[in-house]
Amino acid sequence: MQHKSIELASDFKLKVVGMYEEGVSCTDIEKKYNLDSSILNQWINKYKTTGSFNHADTEMILGETFKEYQALCLLTYDEAVEFLLEKYGPALDDYYREKSYYRYMNNEIKTITKGKFSRTNEGLYCHHIDENKIKNISDKEFIKHFGIPYAYQKKDRLVYCDLIEHCILHGLIAKESDNEFGLEGLEVYLIPIVEEWYINEYIPEHDWMKNCYNKAFLTPENAESILVDILNLINVDYLERIKQEQILFENRLKEYEKGVKENLLASLKTFENLNEKSDRKSIVCAMRNLQHGYTCYENFNKNPNELPNFSQSYRVFEDYKIINSRMIQFSKEQILQDALELIDRINSKEIDLKE
């Protein structure tokens, strides 16, 4: 079985060689994609010789990248930072503009102007070196609340890394600080991206994300393995963590299904006491709740293994004026008739609303 990441690796090399054959200089290609000249020459010669890239060759390259990640996990945090500074070079600019930073701290402006430090066009993230001392250094709300000094935003306190290297840096920080720093960013932000891109094999849509995807691509097996290594740094069993997350997800799914059923059942019972003599407000609100409850139930059953957007869940409340504005052209008798037809449709499906 060929994985998307392997296929993408071959496609990427073909793209790079194609640029060379179209007249783009090796220097420009190396700069654009942060490629070593020896690797680019190897790809060009390989294509000239064979006319293609075989998957075995691609797997070998992916394997070498994986081994480098494994070795990085064995370093101290300071050693890892030093290695990455040597690998990618110093930061191009400060994270924030100094004048803007102080104006924001003095409540003169509402946001802070960023410097031109980004290298996402090369697939690289920018990491604050001092994240082993202070949380959320780049978050403007934290900056103001905790009075974070500007010195932490200077370019000499920044280091570039790819997605997996970023995970490793946070893992090393968490290890050396007994989880006081680094862990939240690792678990909440970084690991979910690795799982989505490389284990679930979802290729992102935005160009800058594709660059980051390409830069650090791994097979699902290697991605899972490196996450095991990273979480081992803080004595967390990754596979057990996945198991517990699945149990939690299934429990949430059951709770949501229960709520959807209860909501639909309640909206059906409302009509037991309504008729043409009932006031418009009662009929309109009951119809809205019935439609919403039925829609939630139908959407849930179309995707029974996915939790819906909770902002669109069965708990949504709307004021009567808003509801009535959508039904203003219909008489209460017509709304009641439509509701009865919807109830018949629900009953005809023999929906099991019991536990």
Side-chain angles (χ1 to χ4, degrees), residues 4 110-111 139 141 184 187-189 191-193 195-197 199-207 209 241-355:
K4 291 179 183 177
K110 293 183 178 180
T111 190
D139 188 293
E141 301 300 331
E184 184 177 355
E187 292 194 322
V188 176
Y189 176 64
I191 288 179
I193 297 176
E195 291 174 329
E196 182 179 53
W197 289 1
I199 296 178
N200 298 329
E201 299 188 276
Y202 171 79
I203 300 175
E205 296 180 2
H206 297 294
D207 288 341
M209 288 185 177
R241 176 177 176 272
I242 293 298
K243 180 181 177 181
Q244 294 302 318
E245 285 181 350
Q246 183 61 31
I247 292 173
L248 179 62
F249 173 80
E250 290 173 356
N251 288 338
R252 291 177 65 197
L253 208 56
K254 289 177 182 178
E255 285 297 313
Y256 185 82
E257 181 180 17
K258 178 182 177 182
V260 168
K261 286 184 176 182
E262 289 177 347
N263 187 61
L264 182 55
L265 181 59
S267 65
L268 286 169
K269 286 184 175 180
T270 301
F271 281 93
E272 293 177 359
N273 300 316
L274 294 178
N275 54 51
E276 293 181 354
K277 294 182 179 181
S278 301
D279 62 275
R280 179 179 178 85
K281 181 176 181 179
S282 297
I283 293 174
V284 167
C285 290
M287 179 57 166
R288 182 269 180 194
N289 290 335
L290 180 64
Q291 289 175 326
H292 190 71
Y294 181 62
T295 299
C296 286
Y297 185 85
E298 285 286 278
N299 289 342
F300 179 80
N301 280 277
K302 287 178 183 177
N303 302 288
N305 296 316
E306 294 182 16
L307 279 171
N309 185 332
F310 281 98
S311 66
Q312 300 173 354
S313 72
Y314 58 87
R315 298 183 180 88
V316 169
F317 172 80
E318 286 183 308
D319 183 78
Y320 167 68
K321 291 182 179 179
I322 298 174
I323 302 169
N324 192 47
S325 67
R326 296 200 299 268
M327 304 185 190
I328 194 68
Q329 70 270 36
F330 304 112
S331 67
K332 70 174 186 177
E333 290 80 12
Q334 186 175 354
I335 295 171
L336 183 60
Q337 182 59 41
D338 290 343
L340 294 175
E341 291 177 4
L342 179 55
I343 291 172
D344 287 340
R345 195 185 318 155
I346 294 172
N347 290 333
S348 69
K349 292 191 175 186
E350 298 182 349
I351 297 175
D352 181 14
L353 297 176
K354 297 180 181 180
E355 288 298 307

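Positions are given from 1, in the same order as the sequence printed here. As a basis for the values below, the full set of heavy atoms in this structure was taken, side chains included, without hydrogen atoms, waters or symmetry mates.
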- Message: Using every non-hydrogen atom in the two residues, find where V260 and C296 come nearest and quote the distance to one decimal.
- Response: CG1-C, 4.0 Å
- Task: Run the salt-bridge test on K302 and E298 with the 4.0 Å N-O cut-off and return the result as yes or no.
- Result: no
- Would you mind telling me which of T295, T270, N263, I346 makes a side chain to side chain contact (heavy atoms under 4.5 Å, CB included) with L290? I346
- Are any of the side-chain heavy atoms of N289 and H292 separated by less than 4.5 Å? no
- Message: With a 6.0 Å cut-off (strictly less than), is the heavy-atom count around CD of E184, excluding the residue itself, greater than 12?
- Response: no
- Query: How many angstroms lie between atom CG of L340 and atom CE of M287, to the nearest 0.5 angstrom?
  - Reply: 9.0 Å
- Task: Report yes if the side chains of M209 and I193 come closer than 4.5 Å at any heavy-atom pair, otherwise no.
- Result: no
- Query: Are more than 12 heavy atoms from other residues, nucleotides or ligands located less than 6.0 Å from atom CG of N275?
  - Reply: yes
- Between NZ of K332 and CE of M327, what distance do you get to the nearest 0.5 Å? 15.0 Å
- Message: Strictly distance-based, threshold 3.5 Å: is any side-chain N or O of D139 a donor or acceptor partner for the main-chain N or O of E141?
- Response: yes
- Least distance between heavy atoms, K261 atom then Y297 atom: CG-CE1, 3.9 Å
- Could you tell me which non-hydrogen atom of R326 sits nearest to which non-hydrogen atom of F330, and how far apart they are? O-CE1, 4.5 Å
- Pair E250 + K254: basic N to acidic O under 4.0 Å: no
- How long is the gap from CD1 on I283 to CG on L336, to the nearest 0.5 Å? 5.0 Å
- Taking C-beta and beyond as the side chain, do V284 and R288 meet within less than 4.5 Å on heavy atoms? no
- Message: Just so I know, are the side chains of N324 and R280 near enough to count as touching, which here means a heavy-atom distance under 4.5 Å?
- Response: yes
- Item | Heavy atoms of other groups near E276 CD, more than 12 under 6.0 Å | no
- Message: Which heavy atom of L264 sits nearest to which heavy atom of Y294, and what is that distance?
- Response: CD1-N, 3.8 Å
- In Å and rounded to the nearest 0.5 Å, what is the CD to CG distance from Q246 to L253? 9.0 Å
- Item | Gap separating the CD atom of E333 from the NZ atom of K277, nearest 0.5 angstrom | 12.5 Å
- Message: Go through it in stages, so that I can follow the logic: the residues are R345 and E341, the test is salt bridge (charged side-chain N to carboxylate O under 4.0 Å, His left out), and I'd like the CA-CA distance, side-chain angles, deciding distance and then a yes or no.
- Response: CA-CA 6 Å; R345 195 185 318 155; E341 291 177 4; 5.9 Å; no
- Which atoms form the tightest heavy-atom contact between S267 and F271, and what is the distance? O-CD1, 3.4 Å
- Item | Separation between CD1 of I323 and NZ of K281, rounded to the nearest 0.5 Å | 9.0 Å
